[in-house]
Structures are given as C-alpha cells and as structure tokens.
2 protein chains.
Amino acid sequence: MSRPPRARELVLDAFERLLVTEGERAATMDATARAAGVSKGGLLYHFGSKDALETGLLERLHALVEEDLDRMSASTEGPVAYFVRTSAMSDDTLDRALVAVSRLAQGGHAAAGAALRTIRDRWADALRSHVASEAALDLVMLVSDGLYFNNALEGDGVAGPTPTGAAMDALVEIVTRAARG
Amino acid sequence: MSRPPRARELVLDAFERLLVTEGERAATMDATARAAGVSKGGLLYHFGSKDALETGLLERLHALVEEDLDRMSASTEGPVAYFVRTSAMSDDTLDRALVAVSRLAQGGHAAAGAALRTIRDRWADALRSHVASEAALDLVMLVSDGLYFNNALEGDGVAGPTPTGAAMDALVEIVTRAARG
DNA sequence: GTCTATATACAGATAGAC
DNA sequence: GTCTATCTGTATATAGAC
C-alpha cells in the first residue's frame, strides 16, 4: 500500500467536493485545480486527463467501501440497522465519495455506473443472511438507496427530508422488524 | 389551457430524452435541436434560452404530477400500493420527466431541486392518512425514492436491480404491511 | 513537481435572411 | 416560424520553461 502524494489527495478531495456541492458540470479541471490550490498544470501532473481524475475517484470509493463492509459485519446493532443508519450520513468520507460517483454515473460515465452496481451487490450479499427473504432484502436496499438519493439532492448539506434523531430510530425499528419477516 | 405548438413539444421531448439517456452534460441546445429535428435557431424561437428550456420541462412535470395525484387517490389497490408500484416504471411519461428533472437538480439547477422537494411533499401529504405513523410514511417515501434512484441510474432502460413481476408484488406486500403498522 | 502560455473544440446566445 | 452565420466564453489538453 504505497502512500500517494499529498497534493494528489488534495486534488481528489476538491474534485469530490465540487461534484457533490455543484454538480458534474461545475467540476471542471480548472475549477478543481483552483479549489485544490494548484495550477492546471500541477493537476495534470497527477492526473493526465479528466478520465484519469474520474478513475482516481472510483479507486478511492472502492477502498472506502471495503472498510465499510468490515465495519458493517462487526456492528453490534446488527448489519441491517448499521446499513440503514449509515446511509443517511452526509459528511462522512464514504458517503461523499458515493454521492460524487453517483453524479458521474448520472452524467453518463459508464465505469461509474458499473462501480455503483458492483458496490450495491456487495452490500446486498453482506446483508442477505440477515434478512428473512429477497423481498425483505429489496426493502432494506431500497430504503438505503432512498436515503442516499435524498442526500444527493441536498448537495451541500442543507437540511432536507432525511429522518434524523428519533425519526431515524423509528425508521430503523420499522425496517429491521419488516426485514425479520 | 392553450395547446402548445407541436414543434415546441418535440423539442421538450428531445431535451428530456437526452437528459435521461446521456445526462445533463450531453443535453446541450445544439444536441437537443438536432435530436428534435430542428435547427438551433428554430429551437431558440420556442425557448429563448437554456433556462427557458429547463423551465419548460419543470412546467411539464408539474402538470404530469397533478394527473398522477388524481389517479393515485382513485386507485383500487390503495394509494400506498399504487405509489410504490408506479415508482418503478421507466418508460412512463411522468417517470421520464421526473428522472430528467432530477438530472437537472443534481447539476445544481436550484429551481429543479425545489420542484422535486415540492412534488415529494405533495405525494407525502396524499399518503399520510393511509399509513400508521410518520415512520411508516418515511418508509414508503424512501422505498419510492430508492426505486426512482435505481431507475435513474439505468438511464436508457437497461435491466437493473429494480424488482419486477412477482418480486415487485412481494415488495408491495411487505411495504403495505409495514406501513399499516 | 509545478508553473504559464497556447491550441482546438464546443458551449450558449445574437443578428438577420427567408 | 425556421433557417444560417457568427460572436464570446470556457472546456480539455499540449508544449515547454523553471
């Protein structure tokens, strides 16, 4: 696991942030370089093209998902509750990367769409033995998708319709109960 | 209710289709004009700016939502089942418009985001008296959001993880049961 | 490793002919 | 109502200096 240069990570952070808060269109190489505090030439040393920049983001996401799968299987509240609860976090590292990649996917980037499908399958596989049926699995996955979608629509962290606090507890309760069969 | 010129509707159809199948970035005025079979000047006669084109799409969506709310309240299977079931249709007029507008919203278009939030509230208000609790309402809304999100990721109609046939029946059953309390 | 300067392409929009 | 031609800004990418 070689440690990537810091400037490279800063560029990736800036690209991700722009995608999440202003959308694919605003996340240009120029804007990304400016937000990362480097010149366009500096950015292009680390990522030779827009495509390389996007691929860098996909690799970051895959690494974060692996870590999350580990945490999920070790969760004391159980994988289903963990999964639903963590789908609503908007300033988490993983969730920011996930929303950023979903912006790329909706912009037509084929690799981003494929990555999201693969990731969704991995989560579903990890949850399958903890739910009563395929319909229950569909339910859990769709609630999670819904939370992400709402999250993605808010963008920069403006309060939205996503349940928090007691409302989230109640949602987790009703979903886990329905999922147990 | 004055009938809009046919060419205008064709332009709107093309813009919507480009947004859904290729994303916001590809849905340029040039590409839209070409897809609609008119020149750029022809398009600009009907919609004087990109913003006017986007506003035209929002107006179309609002009209389609009004019709859907009427159908929902008249549904024999019940509003909740109707709502969940129809959230998965990918080539329906309403769903195409909804996905197209969500593409705009994710691209940072403020009015598109506000429209989606308003529409979501109207659906929630229509469902509230048919579910046992606010948590149940959250559940139903989030499953619907999840279905739309998956739909939106497929884009051009490629088969995805959205439940169909018997799997959809099972999902509707488990959601309506959970929503009854 | 990071910079400036520049080439090429395409976006949204205007002017005005038919 | 629909067209062509054209202006201006900005996107990605290259070349090469420091």
Side-chain angles (χ1 to χ4, degrees), chain A residues 2-58 100-101 103-112, chain B residues 2-60 100-101 103-112:
Chain A
S2 65
R3 183 182 327 221
R6 172 127 82 266
R8 208 188 120 102
E9 293 303 299
L10 290 177
V11 167
L12 229 37
D13 289 345
F15 183 50
E16 191 179 275
R17 193 170 55 249
L18 279 167
L19 277 170
V20 172
T21 59
E22 300 183 51
E24 196 215 355
R25 207 142 182 203
T28 66
M29 306 194 78
D30 220 327
T32 300
R34 228 176 309 121
V38 299
S39 72
K40 209 196 259 201
L43 186 158
L44 282 160
Y45 170 76
H46 295 289
F47 301 97
S49 69
K50 186 81 187 280
D51 204 75
L53 185 57
E54 292 163 344
T55 302
L57 190 58
L58 292 187
V101 170
R103 293 273 151 91
L104 291 183
Q106 304 221 0
H109 194 86
Chain B
S2 65
R3 184 181 328 220
R6 170 127 81 266
R8 209 188 119 100
E9 292 303 298
L10 290 177
V11 167
L12 228 37
D13 288 345
F15 182 50
E16 189 179 276
R17 194 169 56 249
L18 279 167
L19 278 171
V20 172
T21 59
E22 300 182 50
E24 195 215 356
R25 209 145 182 200
T28 66
M29 305 195 77
D30 220 327
T32 300
R34 228 175 310 123
V38 300
S39 72
K40 210 195 255 201
L43 186 158
L44 281 160
Y45 170 76
H46 294 289
F47 301 97
S49 69
K50 187 82 188 279
D51 204 75
L53 186 55
E54 292 163 345
T55 302
L57 190 57
L58 292 188
E59 284 163 2
R60 170 184 277 195
V101 170
R103 292 274 151 91
L104 291 184
Q106 305 222 357
H109 194 86

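Lettering follows sequence order; numbering is per chain, from 1.
- Between B/L12 and B/L57, the shortest heavy-atom contact is CD1-N, 3.9 Å.
- Rounding to the nearest 0.5 Å places CZ of B/R6 at 11.5 Å from NE2 of B/H46.
- Contact annotation: B/R6 side-chain N/O to D/dG1 OP1/OP2 distance is not under 4.0 Å.
- A straight line from NZ of A/K40 to P of C/dC3 spans 13 Å, rounded to a whole angstrom.
- Distance from the side chain of B/H46 is smallest to D/dT2 among C/dG1, D/dT2, D/dT12.
- The OH-C1' distance, from A/Y45 to D/dT12, rounds to 21 Å in whole Å.
- The nucleotide whose nearest atom lies closest to any side-chain atom of B/S49 is, among C/dT2, C/dA13, C/dC3, C/dA13.
- Per the geometry, CZ belonging to B/F47 stands 16 Å off P belonging to C/dT14, to the nearest Å.
- Within the nucleic acid shown, A/R25 comes within 4.0 Å of sugar-phosphate atoms alone, with no base atom in reach, counting heavy atoms only.
- Rounded to whole Å, the distance from CZ on B/R34 to P on D/dC3 is 14 Å.
- A/L44 comes within 4.0 angstrom of a nucleotide base, judged by non-hydrogen atoms across all strands.
- Atom NZ of A/K50 sits about 12.0 Å away from atom OG1 of A/T55, to the nearest 0.5 Å.
- When the C1' atom of D/dT14 is taken as reference, atom NZ of A/K50 falls 18 Å away, rounded to whole Å.
- Using a 4.0 Å heavy-atom cutoff across all strands shown, B/T28 reaches sugar-phosphate atoms only and no base atom.
- Remark: P of C/dC3 and CE of A/M29 are 14 Å apart, rounded to the nearest angstrom.
- Rounded to the nearest 0.5 angstrom, A/L18 CG and A/R25 CZ are separated by 15.0 Å.
- Counting to the nearest Å, the P atom of D/dA13 and the CG atom of A/L53 are 10 Å from each other.
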